[in-house]
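Below is one structure, written out as structure tokens, with a few remarks after it.
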Amino acid sequence: MCAASNKQDGLHFEPSQQVRLFNKQLDEFLRQEVEPLEDEYEQFLGEFGERNRVDDDGRLVDEYLEVRETIQRRSHEAGFYTMYMPEEYGGGGLSNLEFTQVIEHLHNRNPDGFHELILDTLSVRPAVIPMAHDDYQREKYFDPIMAADKHLAFGLTEPDHGSDVTWMDTHAEKDGDEWVIDGAKCFTTNAPYADFITVYARTSGEDGDARGISSFIVDADNPGWEVGKIQPPMGTQVGEQSFNHFTNCRVPDSHVVGEEGEALIDAMSWVNAARIRLPAEAVGRCQWMVEQCIEYAKDRKTFGEPIGERQFVQGHLADMRADIEMVRWLYRYAAWEIDRDNDPRWLLSAAKLRGAELWWDVADRAVQIHGGAGYMRSLPFESELRTARAARIYDGTDEVQRRTIARDLLNL
Ligand SMILES: Cc1cc2nc3c(=O)[nH]c(=O)nc-3n(C[C@H](O)[C@H](O)[C@H](O)COP(=O)(O)OP(=O)(O)OC[C@H]3O[C@@H](n4cnc5c(N)ncnc54)[C@H](O)[C@@H]3O)c2cc1C
């Protein structure tokens, strides 16, 4: 199904009836299956939630990991967990336009909840599809991922190379029927808890070549993979990222994902498409924040008048509204272009860039409108501001998005 209708008088990107129904089912699922857990485990939410989720080493505590697993299992049973995966692989088959509209809806609520946990943002992405094309990998890794039984991490970024991934230092050499991987990765989301990691390593070619980089499955119990120090973040993703060391790490040939030497080319195709999720999430979050600001502006009085009467405050509200609407239609247009099998790379970059900036800007304005209360952890705006900052870095930094847009303009 595709949510865009091509009427004679133009294109319409409003959510289709099917998406609206899906969103209703999602709300019901959250009400019945997730909200009771929010009440039961309230220590992981609210002003002390980030602190309570981790131990002294910065590692997520077992109780929180169990809550996360329970929610993902329930989400799988209800059909939300793999909604973005193609039907032929056992997924829900939502188009990019539909999926992003669901994502916007999912995030248009108080961020201080467990609703985000219904999706495993790493595993259930097109990135894992190459594993489905190999019988051994399908049975041992892909099917358990789809069933929320196994979870993975993606090891691409290194201490010395991030945006310049083609300059990767991690390398793998063939030794009989095995590969031997040596190198280090950092900022790797979910690595401390993953059942396995797909680690990218150079197997041929030179610095700067996109070809010659391969991806390997490394199981958590492989003695050659050591999860290093947890990297405590600025935002709310506490306990998630870590260093990883690969030393004489041996894996069988059957653990090469996809075609040898083609992994980075493959990864770039899904990273580009996956970028569309961010602006949709940003719009949902910002819509919720602006609604809180409107209520507060009507309610909060200074000098005997609601602050919403003041033109400076109205200016914030007007800018937020205009910018949210701009990014909403930009991401929907980009998603629709992917669904039409076009390669709207610069458009995806534009949507990701503006989505990340929007999230940051609206969170900052929400803190400002709420004054001192906005700065305190009892309201979720300061944590939104901290979390939004990462969105301007992961999935390609602001500068890398601008580079893509400019290079397209200049035909470089
Ligand atoms: C919360 C979070 C989760 C992450 N999860 C993962 C994960 O699961 N797996 C993984 O592999 N990585 C992950 N990352 C890493 C992320 O992908 C990298 O941080 C990102 O690609 C940028 O790389 P870098 O940090 O090395 O910065 P660098 O590439 O060193 O960039 C530093 C600065 O230079 C700028 N710059 C670099 N090159 C250019 C250029 N050519 N033109 C203009 N400006 C340039 C950048 O925009 C940036 O401002 C995560 C990061 C964060 C913050």
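Throughout, residue positions are numbered sequentially from 1 according to the sequence presented. Just so you know, ligand 1 is whichever comes first in the structure, and atom 1 is the first atom listed for that ligand.
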>> Can you confirm if the aromatic rings of Tyr193 and His151 lie within a centre distance of less than 6.0 Å?
In response: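 No.
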>> Between the side chains of Glu206 and Arg211, is the shortest nitrogen-to-carboxylate-oxygen separation below 4.0 Å, so that they form an ion pair?
In response: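 No salt bridge links Arg211 with Glu206.
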>> Tell me whether Arg354 is salt-bridged to Asp323, with the criterion being a basic N under 4.0 Å from an acidic carboxylate O.
In response: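 Judged by the 4.0 Å cut-off on N to carboxylate O distance, Arg354 and Asp323 do not form a salt bridge.
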>> Keeping Tyr331 on the side-chain end and Leu278 on the backbone end, is there a donor-acceptor pair under 3.5 Å?
In response: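 No; zero donor-acceptor contacts below 3.5 Å.
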> Donor-acceptor pair, Asp39 side chain versus Pro36 backbone, under 3.5 Å?
Replying inline: no
Contact check: [X] vs ligand 1, nitrogen or oxygen atoms, below 3.5 angstrom:
| X | value |
| --- | --- |
| Ser163 | yes |
| Val400 | no |
| Thr189 | yes |
| Glu399 | yes |
| Thr157 | yes |

> Can you list every salt bridge (Lys or Arg N to Asp or Glu O under 4.0 Å) pair that touches residues 217-233, not counting sequence neighbours?
Replying inline: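 As it turns out, the salt bridge (Lys or Arg N to Asp or Glu O under 4.0 Å) pairs with a partner in residues 217-233, which skip direct neighbours, are Lys140-Asp219.
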>> For atom 25 (O) of ligand 1, which of the options Tyr200, Trp167, Phe187 provides the nearest non-hydrogen atom?
In response: Phe187
> Heavy atoms only: which of Arg389, Arg392, Arg403, Gln241 is nearest to atom 1 (C) of ligand 1?
Replying inline: Gln241
>> Test of understanding: given a 4.0 Å heavy-atom threshold, classify the contact between Arg402 and ligand 1 as side chain, backbone, both, or neither.
In response: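 Neither; nothing of Arg402 gets under 4.0 Å from ligand 1.
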> At under 4.0 Å between heavy atoms, which part of Thr397 makes contact with ligand 1: side chain, backbone, both or neither?
Replying inline: side chain
>> Please list all pairs meeting side chain to side chain donor-acceptor pair (under 3.5 Å) that have one or both residues in residues 372-392, counting only residues at least two apart or in different chains.
In response: Glu50-Arg386, Thr236-Thr387, Arg285-Glu384, Trp359-Glu384, Glu382-Arg386, Arg392-Asp398
> For ligand 1, which atoms have a heavy atom of Ile393 less than 4.0 angstrom away?
Replying inline: 19 (O), 20 (C)
